[in-house]
Each structure stands twice: as structure tokens, then as C-alpha cells.
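Naming: A, B, ... by sequence-line order, numbering from 1 per chain. Computed from a predicted model, the values in this text were never measured in an experiment.
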Amino acid sequence: MRDVAVVAYGLTKFGKHGGSVVDLLSEAGYRALQDATSSVSEVDALLVGNMSSGEFEGRSGIANAVVSELALEPAFASKVENTSGSGGAAFLLGWSGVASGFYDLVLVMGGEVMTVVSREEATDIIASLTHPVEYAQGISLPGYAGLMARAYQHRYDAPREAMAHVAVKNHYNGARNPNAQFQKEITLEKALESPMIADPLRLYDFCPITDGAAAVLLCPYEAADSYTEKPVLVRGVAGATDTHVVHEREDLTAMRAVRVAAERAYAMGGLGPEQVDVAEVHDMATILEIVQTEELGFFRRGEGWKAAMEGATSLEGLKPVNTSGGLKAKGHPLGATGVAQVAEVTAQLQGRAGARQVSASKGLACNVAGFGNSAIITLLEAGE
Amino acid sequence: MRVARCRGCRRLTYPAHFVCDDCGSRDFDSLEVSEGTLLTYTVLHVPPSGVVSPLRIGIVEFEGGVRALGQLAEPIEVGAKVRAEWTVVREVEGRRYEGFRFRPA
Ligand SMILES: [Zn+2]
């Protein structure tokens with residue numbers, strides 16, 4: 001296997017765009033190619049993370065469409081679908097193509113247009129990933145988060161405020177990210193008084209419905225200086241899958257797919273969680289950020305809520321998490337998220353994160369598919 | 001109400017899987033379960049179409065460790081004993097979905 005580098009990235013602003021995901025992907029891809037220090041007019045492959053272009057906007061064949069928009073013919077292109085983990089899955093496959101020597105230059109993208117349907121319709125499209133016996137009951141992804149939040153509070157005696165602290169922190173970070181959907185700070189009171197959605201979780205515990213796209217350019221590490229002065233090395237990348245039926249999970253307050261994928265990525269990179277300086281995690285709901293910071297090994301099980309309340313995950317904390325604003329404030333265009341997370345960690349390691357910049361030489365991205373049905377973990381390190 | 005029991009290793013699951021998670025067997029029979037304990041619940045204030053609003057959903061663990069997600073017929077606290085019934089739980093455009101509904105035991 002060859003070492004692989006992330007050498008460029010591009011994003012659209014996240015928010016309400018409408019139109020087609022093909023346009024947003026083309027914009028993000030174009031920006032990523034422009035971000036390279038030398039002109040890139042061809043790539044070997046283009047992988048597009050996207051969950052539901054068919055359901056949201058009646059479009060298929062979006063990867064080939066983007067190749068055509070960006071005049072990248074005859075590059076091979078394909079959509080990669082792994083629900084909300086589609087972007088991370090596309091990244092993992094793009095990495096394996098370059099690491100194996102099969103490809104030398106791969107554009108990994110992710111995008112989704114969601115605001116063209118109502119919030120209720122969007123929630124139901126996403127709920128189609130659940131097991132039919134659970135879907136039949138009227139469950140949704142926010143519903144699973146409510147079940148986990150109550151189980152977590154019950155087991156660890158965690159106060160409701162701990163979850164609101166995650167929302168306040170991620171809005172603070174989002175206010176420092178010009179690409180975020182919400183660039184507005186909120187108070188603890190506002191989070192705690194927002195409308196109830198999935199008891200005990202309220203509106204401000206959840207990510208919004210978002211349109212957006214992201215792209216990163218991958219090449220062999222030894223060739224990276226052709227494209228950037230600040231290459232970012234992929235130290236590890238791994239995925240794992242858990243049971244489809246959520247009520248069969250071995251622990252209702254844990255995420256086994258995240259834990260296993262992280263263990264694999266740490267082993268591959270020869271790193272431990274204590275060496276991670278900055279992380280993007282999949283805070284579809286605030287409770288998920290708390291649980292993931294435990295499963296990634298940043299904090300012990302049952303103690304993630306204390307870290308959230310004490311500010312350990314803030315920009316000034318020991319372990320800054322979701323400097324981009326996370327899914328909560330940056331927004332969560334399903335297929336875009338895994339790629340946008342890698343782009344944010346890359347920005348931090350290259351020293352390009354502006355008002356939200358932290359001191360970091362190693363970073364981690366945790367992209368979750370479904371409600372922990374699968375997870376993809378990526379470990380990145382600032383190159384020489 | 002019935003859950004699946006693997007004839008190979010006696011593991012209980014709900015629903016039945018294509019193959020048993022523990023031993024790989026494809027041979028299942030079923031076992032009646034009725035009483036269990038509520039592990040957690042949520043109340044959906046903006047539920048999808050075809051169910052009551054607000055919608056109470058919980059996860060119950062039965063004897064033998066097998067669990068099921070289902071609707072709560074009324075407010076029930078975590079740790080309480082519940083009784084399961086099998087009924088129509090959702091109806092969307094004439095299509096009926098059946099599943100568990102839980103009441104206090
Ligand atoms: Zn078995």
C-alpha cells in the first residue's frame with residue numbers, strides 16, 4: 001500500500017440552495033481542483049457520496065453528470081451510497097484506489113439537495129434506512145436519538161443541560177465558519193426552551209435540513225508536492241457495521257460501529273486517541289457527539305457529558321470537537337458530510353481555518369451511517 | 001406475541017434474521033413472550049403520518065434478553081413492567097403496519 005495525501009479541498013456554502021445536487025457537486029469539485037497549486041484538467045476517478053438524489057429530486061446518474069459538467073471525461077465515476085455515511089464511504093474507496101496503486105488522482109465528492117422537500121418528507125426519506133419492523137412503528141432518526149438520550153441520562157445520571165452545551169458550542173463554532181448554515185451563537189436557555197421534538201431532545205439538539213457539497217483531491221503522498229505546499233497524510237481509515245435493528249444493539253448508550261472502526265483506524269495509523277488534536281464527529285443529535293467522543297476513546301464511557309459541560313471539546317479546550325460547527329450548525333447535507341468533515345480537518349491541519357483555527361498536527365473525522373448502522377473513521381496528519 | 005428462536009443455538013431474536021447471528025443456522029421456530037421491562041422511551045412530537053400524535057415509542061426487554069421496539073399505549077416510566085400486544089400500529093394510505101404495543105403490566 002502507498003501512503004495517500006489529501007492535497008486540496010472545496011466546499012459550497014451549506015444552507016438552502018435548491019436546484020440540483022449536480023450543480024452543487026460541480027461547484028465544490030471545481031473549487032477543489034482550483035485549490036491545487038497546479039492546474040488539474042484530468043483525474044482518474046471521481047467518487048460521489050450521495051444518499052437519495054432519486055428520492056429528493058428525481059435524479060440518477062449524478063456522478064457521470066458531474067464528470068460532464070467539469071469536463072473530466074473520460075474519468076471513471078460512480079455514486080457511493082451508504083446513507084449519511086456516503087461521503088465517508090466514498091473517501092474510503094477513493095483512498096483504497098490510490099493506496100493500492102490502481103489510481104493516481106481521485107476526486108472524492110459528496111453532496112445532497114434536501115430542502116426541495118418538506119422537513120417531514122425529508123425525515124421520512126431518511127427513515128427508509130431503518131429496519132422495516134422499526135419503521136412500521138413510526139420511528140425516525142430523531143426518535144432513535146431520543147431513545148438513546150433517555151437511556152444515557154438514566155444510566156449515567158447525566159443532566160439534560162449537558163446535551164444543550166453541545167448545541168451552544170457547535171453554534172459558537174459555526175458562527176466562525178463562513179460555509180456554515182447557521183452562523184449565529186445561541187444561549188443555553190434558548191436551546192433548553194426550544195420546542196420538544198423527541199423527548200428529552202428538543203429542536204436545538206438536532207441538525208437542520210441542508211443543501212451542500214464538498215470535495216477533496218487525493219494522490220500518492222510522494223506526488224503531493226505537485227499539488228500543494230501543505231500535504232495532509234492519511235494515517236488511517238477504516239469502516240465497520242453494526243446490527244441493522246437498533247433495539248438489538250448490545251448497548252443502547254454506545255455505538256459499536258464507531259468504536260470498532262476507530263480501533264481499526266488507530267491500529268492502522270499507529271496512533272491512539274490521546275494523540276488526536278482536533279476531531280469532526282457526526283452530531284446528527286447532540287447526544288451522538290457525547291457518545292462518539294466516548295467511543296473514539298477521547299473520554300471514558302459515561303463521562304463524555306462531563307467533558308461537554310466543562311468545555312473540553314470547545315475551541316479552547318484540550319480536545320476541540322466539531323470546529324466547523326458540526327452537523328448541528330454547519331448543516332448536514334447527508335452525502336456531503338463525510339467529505340466535508342475531511343475538508344475541515346484538512347483546513348485545520350493546513351492552518352487555513354480562520355477564526356476557528358486550533359493548534360493541531362493530527363486530526364480525526366467520524367462519519368456515521370444511519371443511527372450507527374455503520375461508521376467510517378479517518379485519521380489525518382499534517383505532512384512535512 | 002412471538003419472537004424467533006434459533007433451533008441451532010436457542011438464541012432469541014426479534015425479528016428473525018436470514019441467518020442466526022450466533023451460529024449461522026437458518027432454522028427458526030417461535031416463542032411466545034408477553035411481559036418485559038421498559039429500557040427507554042421517547043415521545044415524538046412531530047411523528048410521521050399514520051400514527052397518533054404525540055407518539056410514544058419504547059424499547060422493551062423480555063425474558064431471555066430478546067428486545068423489541070414498539071409503541072406505548074400510555075405514559076410508562078423506565079424500569080416498569082409492561083405487557084405486549086400485537087396490533088395495527090400504523091396506517092398510511094390504506095396500508096396497515098402491524099407491530100408491538102406496550103401497556104403497563
Ligand atoms: Zn443460532
Side-chain angles (χ1 to χ4, degrees), chain A residues 118-128 130-157 194-203 205-206 209 241-254 256 285 287 371, chain B residues 1 3-4 11-18 20-22 36-62 65-72 75-80 86-92 95-102:
Chain A
S118 70
R119 190 180 177 102
E120 290 68 35
E121 287 173 285
T123 302
D124 201 48
I125 288 170
I126 298 165
S128 69
T130 63
H131 193 286
V133 302
E134 297 192 323
Y135 180 81
Q137 296 283 352
I139 195 69
S140 58
L141 278 283
Y144 286 133
L147 292 169
M148 178 184 270
R150 176 164 276 103
Y152 186 95
Q153 282 194 264
H154 198 258
R155 176 174 309 176
Y156 298 119
D157 205 21
S194 62
M196 192 69 87
I197 298 290
D199 197 341
L201 299 178
R202 294 169 180 268
L203 184 64
D205 287 295
F206 292 103
I209 301 293
T241 306
D242 201 350
T243 64
H244 187 191
V245 181
V246 171
H247 69 242
E248 290 191 322
R249 301 277 162 87
E250 61 183 12
D251 184 338
L252 298 173
T253 64
R256 187 173 63 165
I287 181 64
F371 195 74
Chain B
M1 187 39 228
V3 298
R11 181 192 165 106
L12 300 177
T13 63
Y14 174 75
H17 290 213
F18 193 79
C20 173
D21 248 9
D22 280 353
T37 305
L38 185 66
L39 297 181
T40 185
Y41 70 92
T42 186
V43 187
L44 292 178
H45 289 258
V46 193
S49 59
V51 295
V52 297
S53 179
L55 176 67
R56 295 175 183 278
I57 288 185
I59 295 177
V60 166
E61 186 163 299
F62 298 100
V66 64
R67 295 185 202 145
L69 179 142
Q71 297 180 358
L72 309 187
I76 307 173
E77 283 312 308
V78 170
W86 185 260
T87 183
V88 174
V89 290
R90 189 176 182 187
E91 196 165 341
V92 183
R95 181 169 172 197
R96 294 172 146 206
Y97 296 89
E98 294 189 333
F100 283 109
R101 184 171 286 146
F102 306 119

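Between the CD1 atom of A/Ile139 and the CD1 atom of B/Ile57 there is a distance of 4.0 Å, given to the nearest 0.5 Å.
Both the backbone and the side chain of B/Thr13 come within less than 4.5 Å of a heavy atom of chain A. Only the backbone of B/Glu98 comes within contact range of chain A, judged by heavy atoms closer than 4.5 Å. In this structure, chain B has heavy atoms under 4.5 Å from both the backbone and the side chain of A/Tyr135. Contacts between B/Pro15 and chain A at a heavy-atom distance below 4.5 Å involve backbone atoms as well as side-chain atoms. A/His131 touches chain B through its side chain: at least one heavy atom from C-beta onward sits under 4.5 Å away, while N, CA, C and O do not. No part of A/Arg155 comes within reach of chain B, as not one of its non-hydrogen atoms sits under 4.5 angstrom from that chain.
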- Query: Please walk me through it: do A/Arg150 and B/Val78 pass side-chain contact (heavy atoms from CB on, under 4.5 Å)?
  - Reply: CA-CA 9 Å; A/Arg150 176 164 276 103; B/Val78 170; 3.8 Å; yes

- side-chain contact (heavy atoms from CB on, under 4.5 Å) evaluation trace for B/Ile59 with A/Leu252: CA-CA 10 Å; B/Ile59 295 177; A/Leu252 298 173; 4.0 Å; yes

- Query: After noting the C-alpha distance and the side-chain angles of A/His154 and B/Thr40, does the key distance pass the side-chain contact (heavy atoms from CB on, under 4.5 Å) rule?
  - Reply: CA-CA 9 Å; A/His154 198 258; B/Thr40 185; over 6 Å; no

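By the 4.5 Å heavy-atom criterion applied to side chains, B/Leu69 and A/Leu147 are counted as neighbours. Using a 4.5 Å heavy-atom cutoff, the side chains of B/Tyr14 and A/Glu248 are not in contact.
In this structure, the side chain of B/Arg90 does not engage the main chain of A/Gln137 through any donor-acceptor pair within 3.5 Å. Side-chain N or O atoms of B/His45 include none that pairs as donor or acceptor with a backbone N or O of A/Met196 at under 3.5 Å.
Considering only heavy-atom pairs separated by less than 4.5 Å from chain A, the leading option among B/Gly79, B/Gly99, B/Pro48 is B/Pro48. Among B/Leu55, B/Leu44, B/Val51, B/Val66, the residue with the largest count of heavy-atom pairs under 4.5 Å with chain A is B/Leu44. Chain A forms the most heavy-atom pairs under 4.5 Å with one residue out of B/Val43, B/Val89, B/Asp21, and that residue is B/Val43. Between chain B and the options A/Gly146, A/Gly138, A/Ala151, the largest number of non-hydrogen pairs under 4.5 Å is found for A/Gly138.
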